[in-house]
Each structure stands twice: as C-alpha cells, then as structure tokens.
Protein chains: 2
Amino acid sequence: MTSTASGLAAIHFALDRTSPVPLYHQLAQQLEAAVERGVLAPGDRLGNEVDLSVRLGLSRPTVRQAIQSLVDKGLLVRRRGVGTQVVHSQVRRPLKLSSLHDDLEEAGQHPTTRVLRGETVPAPPDVAAALGVGEGSEVTVLERLRCAHGVPVAFLVNHLPADLIRLDTAALESTGLYRMMRSAGITLHSARQSVGARRATAEEGDLLQEAEGAALLTMRRTAYDDTGRAVEYGTHIYRASRYAFDFQLLVRP
Amino acid sequence: MTSTASGLAAIHFALDRTSPVPLYHQLAQQLEAAVERGVLAPGDRLGNEVDLSVRLGLSRPTVRQAIQSLVDKGLLVRRRGVGTQVVHSQVRRPLKLSSLHDDLEEAGQHPTTRVLRGETVPAPPDVAAALGVGEGSEVTVLERLRCAHGVPVAFLVNHLPADLIRLDTAALESTGLYRMMRSAGITLHSARQSVGARRATAEEGDLLQEAEGAALLTMRRTAYDDTGRAVEYGTHIYRASRYAFDFQLLVRP
DNA sequence: GAGTGGTCTAGACCACTAT
DNA sequence: TAGTGGTCTAGACCACTCG
C-alpha cells in the first residue's frame, strides 16, 4: 500500500457536524467534486466502506448512504465482492424534467424568449382533460417563441390552472416557466411526455422560419406535483433542423 | 381510529426470513402490489414507520428502505411532519432503456422483427468513434425491420463490438437485442440518446411504406455497461405517423 | 480464505408540520 | 405540543468474488 498513492487517500474530507447539511450529503458532494476534478479517475476503486467510515469518523451506514446516492446518480458502480469504482467517463447529466431554456443555456446558446401570448381563458376540452379540470374552468395559456442567436428554435404552448401562478411576462422571458413554478412553491414530482414528429404547416413554417412541410419535432407533456395534481400541459414544436433531444438514461438494476 | 378501516390496516404482510429475497424488498413488493390492486388508494396515508416496523417485526431502517425504494419509483411521497402517501394515480412506468420491442409488446401490438442484415465488418469511422474502438476493428452490424400488425414501424441499425455476442438471427427475431445482451451476461448501465426528426429519403420511404419526404423520428443511442465500455451503437428511424416516444419522468429532489 | 458490499438490528436525537 | 419523517450510531452476520 506504499507503492501507489491511491486517489482516495490523497483527498482531504472536511465534514462539518454543525452544518444543517447532512453528513452523508457533505460526503457525497465532496466525493462527486473529487470525481469532477479528476482526483478520482474513472476506474479508480473507492474501496472499503469500513475503513472509510473509520477514517472519517462516521458510521458505516452514513458512508453507505453517501456512496449510494452517487451510485444512483450513475457516478459510481458497486459490485459485491469487488468494490466501488468510479464509472468510466461518459456518464453525466441524467434525464431530468428537461427545460429547453436550461438546455440551451448549458450549451452556451444564450436563449431568448418572446412571450407572444399570455392570458386567462376557459379551458378547451383537450386541455381540461389533460389537466384534469372542468371543461371551461379558468386556465392560463402561454405562447412563447424560443430563439438561440436570434434564430427561432421552438414554439412553446403551455396551459396551467389559472390559480397556480401569477402571469409575469418579464420573469418568463428571463428565467423560464419551470423556475417560476418552483419559486411559486410548486414542487414538481413527475411528468408524462410524448415525443413525435410531423411536417410543418404554412403558419408554423412562418413562425419558425422553416419551409412549409419541413420536419418538426413535437413534444406533449403533462407535469404533476407532489399531490398528483396536474400543474402544466405543454404542446411544443421544435425545428428539427436546429434542435434534438439529447439525454442520458440510467438503467436501474 | 375505530371510525375508519384504513387501507394499510387491512393488509396482511407475509415476510419470509428464510427467503433469499431481502426483507425490505419483500415488503416493497407487497406494498406496491397493494397499490396496484387498489387496496391502498391514491392519497392514502401509510403513516408511522415506527408502528409499521413494530407490527411487522422489522427494524425501522428496514421499513424505511422498503418505503424509500417506492418513493424512488415515484409510487409514494414522503413529507416531513406529515407522513407517507400513495401518489395520486398518473404515475407509472418510468423511463428506462426503452426497447421498441418491449414497448410494442406492452401496447399489445404483437411486434415482429425481420433481420435484413447481420454480419461482421470493419468499423466505419463514425461507428468506431461512438463505440470507442479502433477504426477498422471488427464490429457486428445489424439491420432490422420492426413491424406491428404486419406494417413496418421502424428501421433499426445497430453496431456492436464483434466479441460481445454471437449472432443468432432466430433469437433476435423473437426476443430483441437487449434481452440477448442481458442473457449474454452484459449488464447495461447507461445510455446516451439523441432524438430528432427529418424527412424520409426515397429508399427509407420504400422500406417503411411512407412517401418520400414523410416525417421520420430519428434516434441515436450509445449504450454502456458497468465498466464504462460502449456495448452498442444504434441509429434508428421510426415512422412518425405510427410511432411516438412515450415516457414518464421523475423529478429527483 | 480474505476482502468486499448487502442486509439487518435497536436504539438515539433532531427538524419539520399540524393543531 | 404531539406526531411525523430525517439523520446517525455501533455493532452483527451473510453472500459474493477473487486469488
């Protein structure tokens, strides 16, 4: 064990028991940071939960909880009788409730949004069905044009129960709908999505600067909060020539 | 507490300590079954981990582990100071490494597959890059036509390192590629996907019984195993008129 | 056989929510 | 204030993998 200085041995872990952040979470964050910074290289073994817990002055279950959270993220792999290893590279950002705004921002495309329409209307039948509200009850309808580098990328139509959030066009243009919902105290739980394709109508072509009949990606989504209440229904179209859904899946054992 | 017979109280849990199946997993399965059968209705509280652990003769961490696994699945929601509740309906099948074969089978569409091509060839540059193998090294290439009700739905092209599995056309036509890989001892870990759209070429139209220029859904996927090794690279096209990707996302807190 | 993760126990104290 | 989940401990034994 004197021959090689393993990656883990070189790491200094700083755990603060007075912090409100749970110990297992502090440990997980520092392990993840070590992986990001390359201190722990892909394939490196983390080895021996017991030793690690002794070294850190934590109980083994706490150390396990930290490691498990990174396994769930796909960053580490545990194998019985073998050990825990850093996963080999390619794993990053798992599929989340993807927001086009965030997607483009991460890709450095400086997205801008123009709100074309934002008002409260009686729910049409399809929207009422998707949101699980009475037909004709009040819903907020949003139509937005998302651009990157000044070029249209997507046309987004969203419907929300009218009592959920207050319409704020300025905030919508700068931060995106999901962040607004989050800061309005809505905790998203899950969403159903359907991704398809079709050809653009003449109007859609005008809007997105595509020819009539061009290929479009379509996405329909209904999002639910903790309580199972539908909080958003979106029907979006994307220029297939400029946008694709890109994501990572993790296989649950 | 005599006024209402709560759903949970009526359930008989049968835990077998001699079984190789972990106790927390047995409990999770039976709780899940109770939700599926409607014994536990959406909104029902599961309440009180401590009482439940006493009643079952389990420790609280074990009960927690069972509940946590169902929370991770999106079936239950826990809120501090409140309790644990069954999530309100709409949650089901989370996004997994989706296999078109399984998808269609679950939808009752009786899929059939015809292997159009299956051979070993030197890896072309794009395939070599995606699989992380040397250009020109041996890879297995598969071309398959997937049909439902005798009508073409998708054209699937897959590349795999040649040493991974043995080509078995019969098995491929009956069980699908992912099951074959699984039974060959390959444990999938994650995959990167990109979903887009474009218009069909004349050849693609012939193959899929669509007009030239029809909208197609496209999917590119690289799948990795435990060790981070790329085990499959697929470039698929789907008839957008007959197929859409349908899935459920869970938001991780 | 040695070393690893997987499971399980029986407690403890804390933080949050509701009333 | 009572009740809930959230965190944490200090052990124990088992199952699997590898040399």
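Reminder, nothing fancy here: chain letters follow the sequence lines and each chain counts from 1.
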### Query
Can you tell which of dG5(C), dA10(D), dG5(D) lies closest to the side chain of E49(B)?
dG5(D)

Quick one: [X] [atom1] to [N] [atom2], roughly how many Å, whole number?
{"X": "D51(B)", "N": "dT4(D)", "atom1": "CG", "atom2": "P", "result": "7 Å"}
{"X": "R45(B)", "N": "dG3(D)", "atom1": "CZ", "atom2": "P", "result": "14 Å"}
{"X": "Q68(A)", "N": "dT7(D)", "atom1": "CD", "atom2": "P", "result": "14 Å"}
{"X": "L52(B)", "N": "dT4(D)", "atom1": "CG", "atom2": "P", "result": "12 Å"}
{"X": "R78(A)", "N": "dG3(C)", "atom1": "CZ", "atom2": "C1'", "result": "16 Å"}
{"X": "L23(A)", "N": "dG6(D)", "atom1": "CG", "atom2": "C1'", "result": "12 Å"}
{"X": "Q65(B)", "N": "dG5(D)", "atom1": "CD", "atom2": "C1'", "result": "16 Å"}
{"X": "L70(A)", "N": "dG5(C)", "atom1": "CG", "atom2": "P", "result": "14 Å"}

Compare side-chain N and O positions of [X] against OP1 and OP2 of [N] and report whether any pair is under 4.0 Å apart.
{"X": "T62(B)", "N": "dT7(C)", "result": "no"}
{"X": "Y24(A)", "N": "dC8(D)", "result": "no"}
{"X": "R17(A)", "N": "dT9(D)", "result": "yes"}
{"X": "R64(B)", "N": "dG6(D)", "result": "yes"}

### Query
Just how far is it from atom NZ of K73(A) to atom CG of L250(A), taken to the nearest 0.5 Å?
11.0 Å

Show the nearest heavy-atom pair for residues [X] and [Y], with the distance to one decimal.
{"X": "A162(A)", "Y": "T120(A)", "value": "CB-CG2, 4.0 Å"}
{"X": "F13(A)", "Y": "Q30(A)", "value": "CA-OE1, 3.3 Å"}
{"X": "V86(B)", "Y": "L76(B)", "value": "CA-CD2, 3.8 Å"}

### Task
Sugar-phosphate atoms are those with a prime plus P, OP1 and OP2; base atoms are the rest. Using that split, label each nucleotide of nucleotides 11-19 of chain C B, S or - for protein heavy atoms under 4.0 Å, 5' to 3'.
-B--BBB--

### Message
Which is more 5' along DNA chain D, the nucleotide nearest N48(B) or the one nearest P22(A)? Just name the residue.
### Response
N48(B)

### Query
Does the E173(A) side chain pair with the main chain of V115(A), one donor and one acceptor, at a distance under 3.5 Å?
yes

#### Entry: Result of checking R221(B), R220(B), R192(B) against Y233(B) for side-chain hydrogen bond (donor to acceptor under 3.5 Å, both in side chains)
R220(B)

### Task
If a pair satisfies salt bridge (charged side-chain N to carboxylate O under 4.0 Å, His left out) and one of its residues is in residues 128-139 of chain B, list it, with sequence neighbours excluded.
none

